[in-house]
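This report concerns only the one structure given below.
Note that the coordinates shown come from a computational prediction; the quantities given were computed from them, not determined experimentally.
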There are 2 protein chains.
Amino acid sequence: MRRSKARETIIEELQKVKTHPRVDELFHLVRRRMPRISLGTVYRNLDRLRHEGAVAEIFCGDFNRYDGDTSRHHHFLCRRCQRVWDLDGQVALKVELTTQPGDFRIDGEQVLLYGLCRECLEGEGLSHL
Amino acid sequence: MRRSKARETIIEELQKVKTHPRVDELFHLVRRRMPRISLGTVYRNLDRLRHEGAVAEIFCGDFNRYDGDTSRHHHFLCRRCQRVWDLDGQVALKVELTTQPGDFRIDGEQVLLYGLCRECLEGEGLSHL
DNA sequence: TTTGATGCAAAGTATTTGCAATCGG
DNA sequence: CCGATTGCAAATACTTTGCATCAAA
């Protein structure tokens, strides 16, 4: 794969943020540095970067999100504000295969917890729930 | 919520299959019994059934899938044929919170393993991998 | 009868693609 | 130079929505 300014800028911006942006959000971030970049280029490059394992796609419903951190970790999705957080200290989660797969070759996993974030709980006066 | 023939047929068909259909696939199943049902009605009802917890949505990439079985279980997605299976005997998985959440109220989880199913491995002569 | 639910079609979003121009090696 | 990559715009999905009509209670 030939290197390109667009692809390098895309992955740099993605690794800079912790917000797990949607494609259009990342597009706007990249456009601050490359005003003429097109949305199609962002889609094309994210696809390639994902195939080579340089970025991770987070399946979270209507629009998917991207993560520049490909180390093994899990996410939390707020079903009200739709933001996604990394789970580290706040919530530790143990995921392990307890039997060997016979019918599938497993090469990845995606663990998504969902619910409401603190801000949304408080904003709706639901923190007592 | 008032009962309706469409909604009842939708959930019946969804509970009948084990394939975790996409919305359009479920639409075709339901249409065999209700030829005049519209795709919009299927979307509307799946949305309501999901909100009341009668069906589960599986986030698995481009198109989401639905599951009539809402008991706690996890899924496997084949990244070649895009089919989704329930994980039960073949692969047992242990998922547990190891700390109490401080910043989030968690009400659900979604665990998706992905890779290649046996059929796709064999079909591509990759079963040795 | 009342009002929620539906069919239909149009609108709204998200994503992909064709192609000529541009860039990287 | 040559072929990969891009910008642009058009084409494709996919999903939601407005509204007149239908149907459940």
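- Here the shortest heavy-atom pairing between B/Leu14 and B/Leu26 reads N-CD1, 4.0 Å.
- The shortest distance between side-chain heavy atoms of A/Leu112 and A/Phe76 does not fall below 4.5 Å.
- Applying the salt bridge (Lys or Arg N to Asp or Glu O under 4.0 Å) definition to pairs two or more places apart or across chains, those involving residues 36-49 of chain A are A/Asp47-A/Arg50.
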Verdict with supporting geometry, A/Lys18 and A/Lys16, side-chain contact (heavy atoms from CB on, under 4.5 Å): CA-CA 7 Å; A/Lys18 305 180 196 73; A/Lys16 224 187 263 180; over 6 Å; no

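- In this structure, B/Phe63 and A/Thr41 both approach DNA chain D, and ranking their closest nucleotides by distance from the 5' end singles out A/Thr41.
- Defining each end axis of the helix from C/dT1-D/dA25 to C/dG25-D/dC1 as the rotation carrying four pairs' C1' atoms onto the next four, with five pairs an end, the two axes are found to diverge by 40° to 10 degrees.
- The separation between B/Phe59 atom CZ and D/dT15 atom P is 12 Å, rounded to whole Å.
- With B/Phe63 as the aromatic partner, B/Arg22 meets the cation-pi criteria of under 6.0 angstrom to the ring centre and within 45 degrees of the ring axis.
- Proximity of a side-chain donor or acceptor of A/Thr41 to a complementary backbone N or O of A/Ile37 within less than 3.5 Å is not detected.
- Annotation: proximity of residues 48-57 of chain B to DNA chain C (heavy atom, distance under 4.0 Å) is found for B/Arg48, numbered in ascending order.
- In terms of modelled atom types and a separation under 3.5 Å, the side chain of B/Arg65 and the main chain of B/His20 share a donor-acceptor contact.
- Using cut-offs of 30° and 60° on the angle between ring planes, the pair B/Phe104 and A/Trp85 is tilted.
- Considering only residues two or more places apart in sequence or on other chains, A/Thr19 meets the side chain to side chain donor-acceptor pair (under 3.5 Å) condition with none of them.
- The stretch residues 33-40 of chain A comes close to DNA chain D through A/Arg36, A/Ile37, A/Ser38, each having a heavy atom under 4.0 Å from the strand.
- Among the heavy atoms of the strands, none lies under 4.0 Å from A/Asp62.
- A donor-acceptor distance shorter than 3.5 angstrom exists from the side chain of A/Arg7 to the backbone of A/Arg2, with no hydrogens or angles considered.
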Residues A/His75, A/Asp86; criterion side-chain contact (heavy atoms from CB on, under 4.5 Å); working and verdict: CA-CA 5 Å; A/His75 296 108; A/Asp86 287 327; 3.1 Å; yes

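- Closest non-hydrogen pair, B/Val84 versus B/Cys60, comes out as CG2-SG, 4.4 Å.
- With a heavy-atom cut-off of 4.0 Å to chain A, the contacted part of DNA chain C has its first and last nucleotide at C/dA14 to C/dG25.
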Per-nucleotide protein contact string for nucleotides 19-25 of chain D (B base, S sugar-phosphate only, - none; heavy atom under 4.0 Å): ----BBS

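- Shown here for B/Leu39 and B/Val23, the closest heavy-atom pair between the two residues is CD1-CG1, 4.0 Å.
- Here CG of A/Asp67 is found 9.5 Å from CD of A/Gln15. Values are rounded to the nearest 0.5 Å.
- At a non-hydrogen distance threshold of 4.0 Å, B/Arg7 from residues 7-31 of chain B come into contact with DNA chain C.
- Applying the 4.0 Å criterion to OP1 and OP2 of D/dT16, one finds that B/Tyr43 has every side-chain N and O outside that range.
- Judged as a ring pair (Phe, Tyr, Trp, His ring centres under 6.0 Å), not a single pair has a partner in residues 21-62 of chain B (not counting sequence neighbours).
- Listed by chain and residue number, A/Glu8 satisfy the side chain to side chain donor-acceptor pair (under 3.5 Å) test with A/Arg3 (two or more places apart in sequence, or in another chain).
- Scanning for side chain to side chain donor-acceptor pair (under 3.5 Å) contacts around B/Ser4 gives an empty result, with sequence neighbours left out.
- In terms of the side chain to side chain donor-acceptor pair (under 3.5 Å) criterion, A/Gln110 has no residue partners (sequence neighbours excluded).
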